[in-house]
Every structure is written in C-alpha cells, then in structure tokens.
Amino acid sequence: MFKKSILLLALSFSINTSLIAEKIAILGGGLSGLTTAYELVKNNIHENNEIVLFEGRDRLGGRVHTHYFDEDQKSFYEEGGTFIDSDHNQMITLAKELKIKLKKTSFVDKDVFVVNEEKFLKTKDAYYIVDMLVDFLNAFKDRNINLVHYNDQTKQLEYVKAEDYFNGLDEVAKKFLETYYFDEVGLDLNNMPAVALFWINEDLKEIKQLLKLKKSTIKRTFLSGLANKFAYRYSVKGGMSQLIDALENTVKDKVTINLNSKIVSIKKEDTLYRVGFENGEDFIADRIIVTLPFSTLRHVDVTDTPLTDLQRLSIQTLPYGQHIKIGIPLEAEKDVAKDLLYYVNLDHRFIGWAGKNAMTFFLGSSKSQEYGQGDVNNLVHDLMPGLQSKYKYVKDFGAPIIKNWVTDQFALGTYSGRSAECNIGIFNPSDTIRDIYVFAEPTIDNRFFLAGEHIMADGSAGHMEGAVRSGKIASGLLMGNLLK
Ligand SMILES: Cc1cc2nc3c(=O)[nH]c(=O)nc-3n(C[C@H](O)[C@H](O)[C@H](O)COP(=O)(O)OP(=O)(O)OC[C@H]3O[C@@H](n4cnc5c(N)ncnc54)[C@H](O)[C@@H]3O)c2cc1C
C-alpha cells in the first residue's frame with residue numbers, strides 16, 4: 001500500500017512552478033537518471049528551473065547498452081539489460097510513450113537445452129531434476145523459522161548462509177540450482193543468506209504449475225519458466241539502446257547533459273549541494289538526485305551529507321552481481337531466437353540464449369571472472385559445435401565480444417543483490433517497508449534524493465523496471481518538495 005501510494009504520487013504530478021527557480025542536478029545518466037530527467041521535463045520543471053545531468057562515461061544509458069556487430073544493426077547483443085518481464089509496467093509504459101517497439105518472446109514452442117558432463121540431457125532427465133528441486137525447496141521453506149535471527153546486541157539481522165542447506169541434494173540438481181543462481185544473481189551461494197532461496201522458490205511455484213500441464217507442452221516450457229516466472233517477456237526491437245536514444249532525444253534541448261564528468265564528492269553547504277568532479281571542477285545545486293549504483297557511490301566522498309547511518313551502511317555493503325556477458329555474432333540464415341530459447345550449461349555454470357543472429361552467454365559469479373581472464377575464444381569454440389549440431393543453420397560465428405561489468409569503473413558489478421554481507425533484511429518479507437526507508441527515504445532537508453534500481457524494495461530492484469520506477473518516485477518527491 002505504502003509503495004503504491006508513493007508511485008502514484010510520483011506519476012500523477014503535474015505542477016505549476018512559475019515562482020520557483022532552482023538548480024537541479026541529476027547524477028548519473030543511466031536509465032534511472034534519464035527517466036528522472038524525462039519526468040521533470042514532462043512536468044515542465046525545466047521551464048522555471050535549470051536541470052543539469054552529469055554522467056561519467058562518454059555515453060548515456062549506463063548498464064543498458066546494445067553492441068551492434070554490423071553497421072546495418074541486424075546482428076546485435078545486449079551488453080546489459082535485456083528482457084522486460086510481462087509485469088514490468090513502468091518499462092512497458094515508458095517504451096509506449098517513446099514509441100519504442102517491443103518484441104514479445106513467448107516461452108512456448110521453443111527448445112531449451114541442458115548440458116551436463118558435455119552431453120545434452122534428455123528432456124525427461126532435466127524434468128526430473130527440476131521436480132527434485134521443487135521438493136527440496138519446499139521442504140527447505142518449512143525450516144525458515146531458523147534462518148534469520150535478530151541480534152539484540154548489534155541490533156542487526158543475522159542470516160544463515162544458503163550453502164549450509166545443500167547437503168544431501170543430488171549433484172546435478174545442485175549444479176542446476178547453482179547455475180540458475182549464478183546466472184540470475186551473479187553471486188555465489190555461499191555469499192547469499194538462506195532466506196534468499198524463498199525467491200527461487202517463488203519461481204519454482206510457476207514450474208509446479210507448468211508441471212501440471214500436458215507433457216508435450218511442459219517439455220518445451222518448464223525450463224523457461226524457471227528462468228522467468230512469467231509466460232512471456234519483451235525485448236526492444238532493434239536493441240535496448242534505442243530506448244536510451246529516444247530518452248536522450250526527448251530531454252536534450254531542455255536538460256544540460258554533461259558527459260565524461262566523473263563525480264568524486266558530494267557535500268552539503270548551507271542549503272546547497274556541491275558536486276565535485278575528478279577534474280577538480282564542481283557544480284552547486286539546490287537539489288540533487290543521485291542515481292549512481294552503490295557499487296560506485298561508495299567511492300564518492302559523501303561524508304558531509306545528511307544521509308542516515310543505515311543509508312551509509314547500505315551504500316558501503318550492498319553486493320553487486322559479478323557477471324560478464326559474451327556476445328557472438330552467428331552466420332545464421334534466420335533469426336536463431338525463433339527456435340532456441342535457453343542453453344543451460346551445467347558444466348560451465350552459465351545460461352546462454354539466442355538473439356537476432358547472435359548468441360549471448362551470461363556468466364555469473366567467480367566462474368565468470370575465470371572466463372573473463374582466460375581465453376574466452378577457446379571457450380566459445382569449445383561450445384559452439386554442440387549448438388551447431390542442434391541447429392544446422394548456425395553455420396559459423398565471429399569473434400566474441402566480452403563485456404566485463406565488474407571491472408567497468410562506472411558499474412563495478414552488474415546489478416544489486418542482497419546478501420548476508422549487507423545486513424538489511426530484504427528477504428524477510430516483514431522488513432520490506434523498512435527497506436524502502438533505508439534506501440530511498442529522502443534526506444531530512446528534502447533536497448538529496450536517491451534513485452536507481454538498487455533502492456527499490458518491491459521486487460523491481462536489479463531490473464530496468466527498478467531504474468524507471470525509482471526515477472519516477474525520486475522526481476515525484478522532488479517536484480512535491482519544490483512546492484514547499
Ligand atoms: C549484464 C546485465 C544484464 C541485465 N539484464 C537485465 C534484464 O534482462 N532485465 C532487466 O530488467 N534488467 C537487467 N539488468 C539490470 C539493468 O540493466 C539495470 O538495473 C539498470 O539498467 C540500472 O539502471 P540505473 O540507472 O539504476 O543504473 P546505471 O545504468 O548504472 O546508471 C548509473 C549511471 O551513473 C554513472 N556513474 C556511475 N558512477 C559514476 C560516477 N562516479 N560519476 C559519474 N557518473 C557515474 C554510470 O556510468 C551510469 O550511466 C542487467 C544488467 C546487466 C549489467
């Protein structure tokens with residue numbers, strides 16, 4: 001109820017600010033920063049106020065970026081954000097507003113391959129593994145009472161680690177769970193609190209439903225159900241960067257956009273905020289919306305700001321996924337994605353999927369770092385013959401492109417996760433309301449707002465949806481405070 005009312009407040013704002021003249025700085029030009037700018041512009045805030053956006057990279061979009069293999073953009077892969085879940089309403093609305101075409105990917109009638117010990121598993125064996133996981137996690141759920149403990153002395157929640165619960169699980173099923181977890185969260189199971197598995201259990205509920213379907217349907221859908229609890233999802237036709245370009249084009253004449261502006265400090269001076277840049281320059285703003293991921297914000301000096309202790313703690317400790325992505329162009333005679341959906345490789349612990357004449361490998365956790373540093377070309381060459389044998393029209397493939405988000409200085413990780421290390425308790429349902437305060441509550445002066453996927457406590461964190469929702473919430477709160 002609380003979350004919804006904030007969102008509605010943010011969405012319904014349209015105000016006359018004729019007497020107000022302020023400098024508003026948006027820090028970070030990813031999806032969240034751009035959405036913030038878009039919302040302010042939509043509400044004509046630029047007419048009486050100066051809006052300035054600062055971005056460290058030489059491009060906008062942050063963790064949303066499409067790599068095009070050729071000039072006519074027929075073959076591409078997404079280096080970052082890719083899929084829009086069917087209930088990601090704010091993303092879908094934004095795309096519609098910007099006249100961006102979405103492509104629906106249905107999970108029905110697609111092939112899903114599972115490889116174990118270098119062999120493609122028979123569907124019934126993969127089916128059996130998922131069935132076993134459903135039973136295991138259901139039994140696990142009944143033990144939740146002991147998984148979180150509130151320590152009266154430290155005033156913090158203490159978690160049991162997920163890894164402690166895997167004894168006795170079949171080796172292949174364990175590999176499957178690990179692969180799925182690495183792929184989705186990008187963190188090792190031994191970094192995660194055991195309560196995090198409730199979230200996987202939620203996904204597995206969908207699979208349980210699928211298991212009730214006719215077997216001919218199940219065999220094509222159950223694994224894709226595991227990767228996403230919805231029956232279909234969207235991607236942007238022609239690549240996600242189109243959405244970023246459309247946002248940029250909408251705001252660029254009304255918002256001053258400064259690229260190559262690496263932020264190193266934020267300080268409060270009387271009622272104003274001074275933003276310091278790596279090149280020694282600074283900018284003074286009346287209000288700021290900070291959309292930097294906590295992974296990079298923790299390297300920005302925010303000592304002299306009225307952030308709360310809990311916000312500071314989360315900025316310092318919130319973990320980020322350790323993924324790299326590999327994209328390979330395929331010489332295919334048709335859109336590979338029409339047939340192939342997922343390629344789950346239990347030996348190498350990754351999930352791959354087909355796109356438009358391209359294949360993506362999504363590698364999570366420490367494994368990904370191993371590949372990132374090793375010879376990825378060899379890895380790809382080892383894997384492709386298997387796929388080629390299944391897909392005769394995949395004739396050849398080009399040099400892989402690697403995107404390592406962990407070493408990218410403006411990301412330092414893929415997307416926020418929640419772990420025992422960041423003792424905020426997001427996996428404990430009763431703590432949800434507390435979390436939104438911890439991350440997103442404006443500072444007491446109502447002039448410093450946090451946005452970005454990582455602040456959302458409603459299940460949209462880690463997703464583009466979270467970036468858009470948080471941008472809408474922060475801009476709504478800022479506009480509300482402009483009136484005061
Ligand atoms: C590999 C990968 C796969 C993903 N897959 C999906 C998916 O399928 N579906 C989905 O919904 N989401 C997915 N996501 C997540 C999604 O991309 C992000 O949640 C979303 O893009 C985050 O937007 P943001 O604006 O919050 O953060 P960002 O995009 O990180 O924006 C922050 C901006 O701040 C800038 N910045 C950082 N530090 C500084 C600094 N010191 N000074 C100046 N500028 C700075 C950055 O350059 C960046 O532009 C994926 C992400 C990755 C990396």
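A quick note: this is a predicted structure, and the numbers were derived from the prediction, not measured.
- No side-chain heavy atom of Glu178 sits under 4.5 Å from any side-chain heavy atom of Phe176.
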> Does the pair Gln311 and Ser314 meet the rule for a side chain to side chain donor-acceptor pair (under 3.5 Å), with working shown?
Replying inline: CA-CA 5 Å; Gln311 280 170 325; Ser314 39; over 6 Å; no
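- Remark: side-chain polar atoms of Arg298 are not paired, donor with acceptor, to backbone N or O of Asp301 under 3.5 angstrom.
- Trp353 and Phe83 have their aromatic ring centers within a separation under 6.0 angstrom.
- Between Phe113 and Tyr343, the ring centre distance reaches or exceeds 6.0 Å.
- A distance-only check finds a donor-acceptor pair linking the side chain of Asp347 to the backbone of Glu117 [under 3.5 Å].
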>> Between Tyr320 and Leu412, does the side chain to side chain contact (heavy atoms under 4.5 Å, CB included) criterion hold? Intermediate values first, please.
In response: CA-CA 8 Å; Tyr320 277 74; Leu412 299 175; over 6 Å; no
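- Considering all non-hydrogen atoms of both residues, Ala451 and Ile289 come closest at CB-CG2, 4.0 Å.
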> When you look at Glu465 and Arg469, which way does the salt bridge (charged side-chain N to carboxylate O under 4.0 Å, His left out) test go after all the steps?
Replying inline: CA-CA 6 Å; Glu465 176 75 3; Arg469 281 192 205 179; 2.7 Å; yes
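- Between Thr414 and Gln322, the closest side-chain pair of non-hydrogen atoms is not below 4.5 Å.
- Side chain of Thr66 to main chain of Ser241: a donor-acceptor pair is present (N/O by atom type, distance under 3.5 Å, no hydrogens or angles).
- In this structure, the separation between CZ on Arg63 and OH on Tyr415 is 10.5 Å, given to the nearest 0.5 Å.
- With rounding to the nearest 0.5 angstrom, the OG1 atom of Thr360 is 10.0 Å from the CD atom of Glu79.
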> Under the ring-ring contact (aromatic ring centres under 6.0 Å, His included) criterion, do His323 and Phe362 qualify, and how do the steps go?
Replying inline: CA-CA 7 Å; His323 296 94; Phe362 195 47; 4.4 Å; yes
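- Sorted by first then second residue, the side chain to side chain donor-acceptor pair (under 3.5 Å) pairs that include residues 29-38, not counting sequence neighbours, are Ser32-Ser470, Tyr38-Glu97.
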>> Evaluate Thr179 against Asn345 for side chain to side chain contact (heavy atoms under 4.5 Å, CB included), listing each step before the verdict.
In response: CA-CA 8 Å; Thr179 304; Asn345 191 310; over 6 Å; no
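- Side-chain contact of Thr82 with Lys325: a donor-acceptor pair under 3.5 Å is present, judged by distance alone.
- Looking at Leu34, Val468, Asn89 one by one, the single match for side-chain contact (heavy atoms from CB on, under 4.5 Å) with Leu94 turns out to be Val468.
- Of all non-hydrogen atoms in Ile84 and Met464, the two that sit nearest each other are CG1-CE, 4.1 Å.
- In this structure, Asn404 contributes its side chain and Ile324 its backbone to no donor-acceptor pair below 3.5 Å.
- The CG atom of Leu297 sits 5.5 Å away from atom CG of Leu292, with the distance rounded to the nearest 0.5 Å.
- Of the possible donor and acceptor atoms, none in the side chain of Asp85 sits under 3.5 Å from a partner among the backbone N and O of His88.
- Side-chain contact between Leu31 and Met91 is present, with at least one heavy-atom pair separated by less than 4.5 Å.
- Across all their heavy atoms, Ala411 and Pro293 have their closest contact at O-CG, 4.5 Å.
- Of all the heavy atoms in Phe76 and Ala358, the pair that sits closest is O-CB, 3.4 Å.
- Note that the CG atom of Leu330 and the OH atom of Tyr77 stand 13.0 Å from one another [nearest 0.5 Å].
- Side-chain contact between Ile266 and Leu27 is present, with heavy atoms from C-beta onward closer than 4.5 Å.
- Taking the salt bridge (charged side-chain N to carboxylate O under 4.0 Å, His left out) definition, one finds that Lys119 meets it with nothing, sequence neighbours left out.
- Taking the side chain as every heavy atom from C-beta outward, Ile326 and Leu363 approach each other to under 4.5 Å.
- Residues Ala474 and Leu450 approach most closely at CB-O, 4.1 Å, considering heavy atoms.
- With salt bridges taken as basic N to acidic carboxylate O contacts below 4.0 Å, one links Asp408 and Arg57.
- Taking CD1 of Ile473 as the start and CD of Glu39 as the end, the distance is 11.0 Å to the nearest 0.5 Å.
- Smallest separation of non-hydrogen atoms from Val406 and Gly321: CG2-O, 4.4 Å.
- Looking only at side-chain heavy atoms (C-beta outward), Glu55 and Leu60 come within less than 4.5 Å of each other.
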> Should Glu453 and Ser416 be marked as a side chain to side chain donor-acceptor pair (under 3.5 Å) after you check the CA-CA gap, both sets of side-chain angles, and the distance that decides it?
Replying inline: CA-CA 8 Å; Glu453 57 84 5; Ser416 63; 2.7 Å; yes
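- For the atom pair Leu177 CG and Leu169 CG, the distance stands at 7.0 Å (nearest 0.5 Å).
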> side chain to side chain contact (heavy atoms under 4.5 Å, CB included) between Thr291 and Phe449: does it pass, once the steps are laid out?
Replying inline: CA-CA 9 Å; Thr291 75; Phe449 303 87; over 6 Å; no
>> One pair to check against side chain to side chain contact (heavy atoms under 4.5 Å, CB included): Met240 and His65. What are the steps and the verdict?
In response: CA-CA 6 Å; Met240 279 289 165; His65 191 240; over 6 Å; no
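- A heavy-atom distance below 4.5 Å is found between the side chains of Leu121 and Ile129.
- Under the 4.5 Å side-chain criterion, counting only non-hydrogen atoms from C-beta, Thr317 is not in contact with Phe294.
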